[in-house]
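Note: hydrogens, waters and symmetry copies are ignored here, and every other heavy atom, side chains too, is used.
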Amino acid sequence: MADEPMVVDGGISVPNEWEGRWNHITKFLERSGPFAHPDFKASKEMLQIILECKVLVIGAGGLGCELLKDLALSGFRNIDVIDMDTIDVSNLNRQFLFRPKDVSRPKAEVAAEFINTRIPGCCVVPHFKKIQDFDQTFYSDFHMIVCGLDSIVARRWINGMVLSLLEYEDGVLDMSSIIPLIDGGTEGFKGNARVILPGLTACIDCTLDLYPPQINFPMCTIASMPRLPEHCVEYVRMLLWPKDKPFGDGVTLDGDDPKHIQWVYQKSLERAGEFNITGVTYRLTQGVVKRIIPAVASTNAVIAASCATEVFKLASQAYRSLDNYMMFNDVDGIYTCKFQVERKDDCPTCSQVPQDLKFSSSSKLQEVLDYLTEERSLQMKSPAIAATLDEGKSKTLYLQSVASIEQKTRPNLSKTLKELGLTDGQELVVTDTTRPQAMRFRLGITSEEAELRCPKMRKRI
């Protein structure tokens, strides 16, 4: 870059650019206006802040492609993108950075190559990995994180990560440790964009009820009277997978693992053949397993533009950022609204308040596990539970992710809390795929005398 010609744009030397390259951006940065932030000071140096801002884009699918294009054309040149998927033919109708020759290649790599080639001076660094493959050091290096994900679990994980980066001194939040999280989501002709300032505004887990409930088919239809290709996939997912255990005991179905999806796809085809049902495809199989809703290109474009605008406002401080949730709907005409999602004082992820678990001493560990997965404010996927002991030691009560340990700890599920030696006030440490860090709970156990006086106390309070 040092050997490339330099031109002056707005008084700043910018490598590998043409004269007037940033005229559309400097109109916002070099003058104030009626909608400007009251603390904004227009200057020629503001452009350099945008050019040097480091942005992480998570997801290079329909929303991610639009985000990368919008950010690069808005002046952001230091961009990293993470995506663990490869390009499928079905992606080409809406993920416009990809071409037929790119099929089977990693989305992140192809998207980065396209942007770097088409937009001079922009450097997009691809990462063909899972977000869980990176640690706090990696994420703390960015000024802003933007999500274009189709997974609630992934959203909750990155939400937990930015919260884990917060630093407190004497209970006071260090504002410099805040990395804004801008999240976009689309569902057909509906979409939303939101700005999360970790530690200050509502986080993802504060608003789990905003996400639509999953569509479930009646078990009787799935098991004996399938009529749709989706019924065949659900039969394999819900009944055959736990029965056949194709990848070993305790291995949960991973919608992002091609081997898992391929197995479900083949078994679904066999099931469909038995009932003369057509329409089972690999794409449909993955969509049913991951609960994917068909995407619409125009909705992706609107939501990505909104997210990119929020990144620009936060980086430049030229305008007030969204406070803090925008909803978009173009099913019948175009409708948008903005409202403030309030932070929950008892949010299990961002509230800094210890979470209480209240059970009777005769409750079984299975009841605790069910609560962790079914409780609306927690919605864990495969929680692992450990009890803290003296001298900082811990005892694993149940662990699902490792087959050998799952088999060894499975008998604990049928034991009562009393039989497990758990006492009132004991701390439980719970890990789950929805969070990068463990959650700590304080166990409240009712006495045997109370249970005898009130039989209802035998159940969870």
**Study point:** Residue Phe35 excluded, over 12 heavy atoms near CZ under 6.0 Å
**Key:** no

Point to revise | Aromatic ring pairing Phe138/Phe134, orientation class (parallel under 30°, perpendicular over 60°, tilted between) | key: parallel

Check your understanding: Are the side chain of Arg118 and the backbone of Phe114 linked by a donor-acceptor contact shorter than 3.5 Å?
Key -> no

Point to revise | Qualifying residue for side chain to side chain contact (heavy atoms under 4.5 Å, CB included) with Ile58, from Leu149, Leu67, Val81 | key: Leu149

Exercise for review: Mark yes or no for whether Ser177, through its side chain, and Glu167, through its backbone, hold a donor-acceptor pair below 3.5 Å.
Suggested key: yes

Review point. Checking Asp432 side chain against Met380 main chain: does a donor-acceptor pair fall under 3.5 Å?
Key: no

**Study point:** Summary of ring pair (Phe, Tyr, Trp, His ring centres under 6.0 Å) pairs that have at least one residue in residues 66-95, sequence neighbours excluded
**Key:** none

Check your understanding: Should we say atom CG of Asp345 is surrounded by more than 12 heavy atoms from elsewhere, each under 6.0 Å from it?
Key -> no

Check your understanding: Between the main-chain N or O of Phe98 and the side-chain N or O of Arg105, is there a donor-acceptor pair closer than 3.5 Å?
Key -> no

Review point. Do His37 side-chain atoms and Asp39 backbone N/O form a donor-acceptor pair below 3.5 Å?
Key: yes

Check your understanding: Does Asp141 pair with Lys54 as a salt bridge, N-O distance under 4.0 Å?
Key -> yes

Practice item. Using the test salt bridge (charged side-chain N to carboxylate O under 4.0 Å, His left out), find all partners of Asp254 that sit at least two apart in sequence or belong to another chain. Key: Lys130

**Study point:** Within 6.0 Å of NZ in Lys344, more than 12 heavy atoms from elsewhere
**Key:** yes

Review point. When you look at CG of Asn93, are more than 12 heavy atoms from neighbouring residues, nucleotides or ligands closer to it than 6.0 Å?
Key: yes

Study note, to complete from the structure: So the side chain to side chain donor-acceptor pair (under 3.5 Å) pairs with at least one residue in residues 299-318 (sequence neighbours excluded) are Thr186-Asn300, Glu310-Lys313

Practice item. If the plane angle is over 60° it's perpendicular, under 30° parallel, otherwise tilted; pick one for Trp241 and His260. Key: tilted

Check your understanding: Quick check: does any side chain N or O of Asn159 sit under 3.5 Å from a backbone N or O of Arg155, one acting as donor and the other as acceptor?
Key -> no

